[in-house]
Amino acid sequence: MIYLPEPQKEKLKKKLFSCFRNAEEGAHRIKGIIGDISNYFKGENVHFNYVLDLKSMTYFQKKVYRETMKISYGNTRCYNWLAEKVGISGGARAIGNALGKNPLPLLIPCHRVIRKNGMLGGFSSPGGIILKKKMLLMEGALAKV
DNA sequence: CATTTGACGAAGG
DNA sequence: CCTTCGTCAAATG
């Protein structure tokens, strides 16, 4: 499970520990991921290559996530592009639904999926659309101003 | 099974 | 800008 940064650190901590009572002790086992994430938010071009546990997701969602993971750092694609990729051209809205349930934001870089008209679309993690924009800016994915 | 609901997109005001 | 309509997987009833 991934929680992206929230304005209030304590609130986030509380949320984490309510899910994982042994979070502190187990942390060393996921040092790699923690390091990667922290480097990412320092502005580094981090690749993220981990085997993800997606067995609780539907077949369709897994297909969407697999394609989403092919969008590399600093690039963006639109919802309909993904729709084509998973074989439902015209189903952009269904893509949005699937991405809205992304259990592993950042590792599954749904923030790189934006609207065709240049709008950013949505972002369901706590940081919301503000955070999505920040991440894209950091990646240098937003061309102008 | 029938409806409703969206992180969409195109077309036409 | 805005509205309407087509679209499709999931959630809901």
Side-chain angles (χ1 to χ4, degrees), chain A residues 1-21 23 26-27 30-145:
Chain A
M1 184 178 290
I2 301 278
Y3 280 117
L4 295 185
E6 276 184 61
Q8 302 143 351
K9 190 173 179 178
E10 286 311 310
K11 195 173 164 190
L12 176 56
K13 252 181 145 176
K14 220 172 166 184
K15 207 150 91 178
L16 278 173
F17 282 105
S18 72
C19 288
F20 305 101
R21 299 187 24 250
I30 52 170
K31 263 283 189 264
I33 296 186
I34 293 176
D36 278 356
I37 293 176
S38 121
N39 287 335
Y40 174 85
F41 282 103
K42 281 177 198 157
E44 285 182 35
N45 179 338
V46 181
H47 175 21
F48 290 113
N49 186 16
Y50 294 98
V51 178
L52 310 184
D53 174 9
L54 295 176
K55 58 179 177 298
S56 66
M57 302 295 131
T58 69
Y59 175 64
F60 175 74
Q61 286 160 347
K62 281 184 280 206
K63 269 203 305 192
V64 173
Y65 299 154
R66 259 197 295 282
E67 288 305 322
T68 305
M69 283 189 276
K70 294 181 186 169
I71 309 172
S72 57
Y73 191 96
N75 293 109
T76 59
R77 293 291 182 284
C78 71
Y79 292 90
N80 208 42
W81 179 88
L82 270 179
E84 301 272 358
K85 282 286 186 184
V86 302
I88 53 159
S89 52
R93 208 155 180 175
I95 298 294
N97 283 338
L99 292 184
K101 287 162 194 154
N102 180 8
L104 302 169
L106 194 53
L107 301 200
I108 300 169
C110 62
H111 62 284
R112 295 181 189 139
V113 185
I114 64 180
R115 276 206 184 218
K116 197 161 199 178
N117 63 11
M119 308 264 89
L120 293 184
F123 199 60
S124 53
S125 288
I129 192 61
I130 309 290
L131 179 57
K132 180 172 183 176
K133 187 170 187 176
K134 269 186 196 167
M135 293 162 78
L136 289 174
L137 282 172
M138 210 162 47
E139 295 190 17
L142 301 184
K144 31 81 194 127
V145 290

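Residue numbers begin at 1 in each chain, while the letters A, B, ... track the order of the sequences. What's counted below: heavy atoms across the whole structure, side chains too, no hydrogens, waters or symmetry copies.
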> Atom CG of Leu82(A) and atom P of dT7(C): how far apart are they, to the nearest Å?
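In whole Å, dT7(C) P and Leu82(A) CG are 20 Å from each other.
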> Measuring from Phe60(A):CZ to Ile88(A):CD1, what's the distance to the nearest 0.5 Å?
4.0 Å
> So if I take every side-chain heavy atom of Ile88(A) and compare against dG9(B), dA7(B), dC8(C), which nucleotide ends up nearest?
dC8(C)
> Do Asn97(A) and dG6(B) have a side chain to base donor-acceptor pair shorter than 3.5 Å?
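Present.
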> In this structure, how many angstroms lie between the P atom of dG9(B) and the CD atom of Glu84(A), rounded?
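Result: 11 Å.
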> Take the protein atom NZ of Lys101(A) and the nucleotide atom C1' of dA9(C), then report the distance between them rounded to whole Å.
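One finds 7 Å between C1' of dA9(C) and NZ of Lys101(A), rounded.
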> Using whole Å, what does the distance between atom P of nucleotide dG6(C) and atom CD1 of Ile95(A) come to?
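Rounding to the nearest Å, CD1 of Ile95(A) and P of dG6(C) are 21 Å apart.
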> Between C1' on dA10(B) and CZ on Arg115(A), what's the gap in Å once rounded to a whole number?
11 Å
> Let's see if you can work this out: which of dC8(B), dA10(C), dA10(B) has an atom nearest to the side-chain heavy atoms of Lys116(A)?
dA10(B)
> Rounded to the Å, how far apart are Lys62(A) NZ and dA10(C) C1'?
15 Å
> Mind checking the CZ-CG spacing from Phe123(A) to Leu4(A)? Nearest 0.5 Å is all I need.
5.0 Å
> From CG of Leu99(A) over to C1' of dC8(C), roughly how many Å is that when rounded to an integer?
14 Å
> Is there a Watson-Crick or G-U wobble partner for dT7(C) with both distances under 3.5 Å, and if so, which one is it?
none
> Inspect the contact between Glu67(A) and Arg77(A) and indicate whether a charged nitrogen and a carboxylate oxygen are less than 4.0 angstrom apart.
no
> Counting only side-chain heavy atoms from C-beta out, which of dG6(C), dA7(B), dG9(B) sits nearest to Arg93(A)?
dG6(C)
> Going from CG on Asp36(A) to CG on Leu107(A), what distance comes out if it is rounded to the nearest 0.5 angstrom?
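Reported value, rounded in 0.5 Å steps: 8.5 Å.
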> Does Thr58(A) place a side-chain N or O at less than 4.0 Å from the phosphate oxygens OP1/OP2 of dA10(C)?
yes
> Atom CG in Leu82(A), atom CG in Leu99(A): separation rounded to 0.5 Å?
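Between Leu82(A) CG and Leu99(A) CG, I get 6.5 Å after rounding to 0.5 Å.
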> Expressed in angstrom and rounded to an integer, what is the separation of Leu120(A) atom CG from dC8(B) atom C1'?
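Distance, rounded to whole Å: 14 Å.
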> Using a 4.0 Å heavy-atom cut-off, does Cys78(A) contact any base of the nucleic acid, only the sugar-phosphate backbone, or nothing at all?
sugar-phosphate
> Using heavy atoms to find the nearest nucleotide of DNA chain C for Ala92(A) and Phe60(A) separately, return the residue whose nucleotide is more 5′.
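Closer to the 5' end of DNA chain C: Ala92(A).
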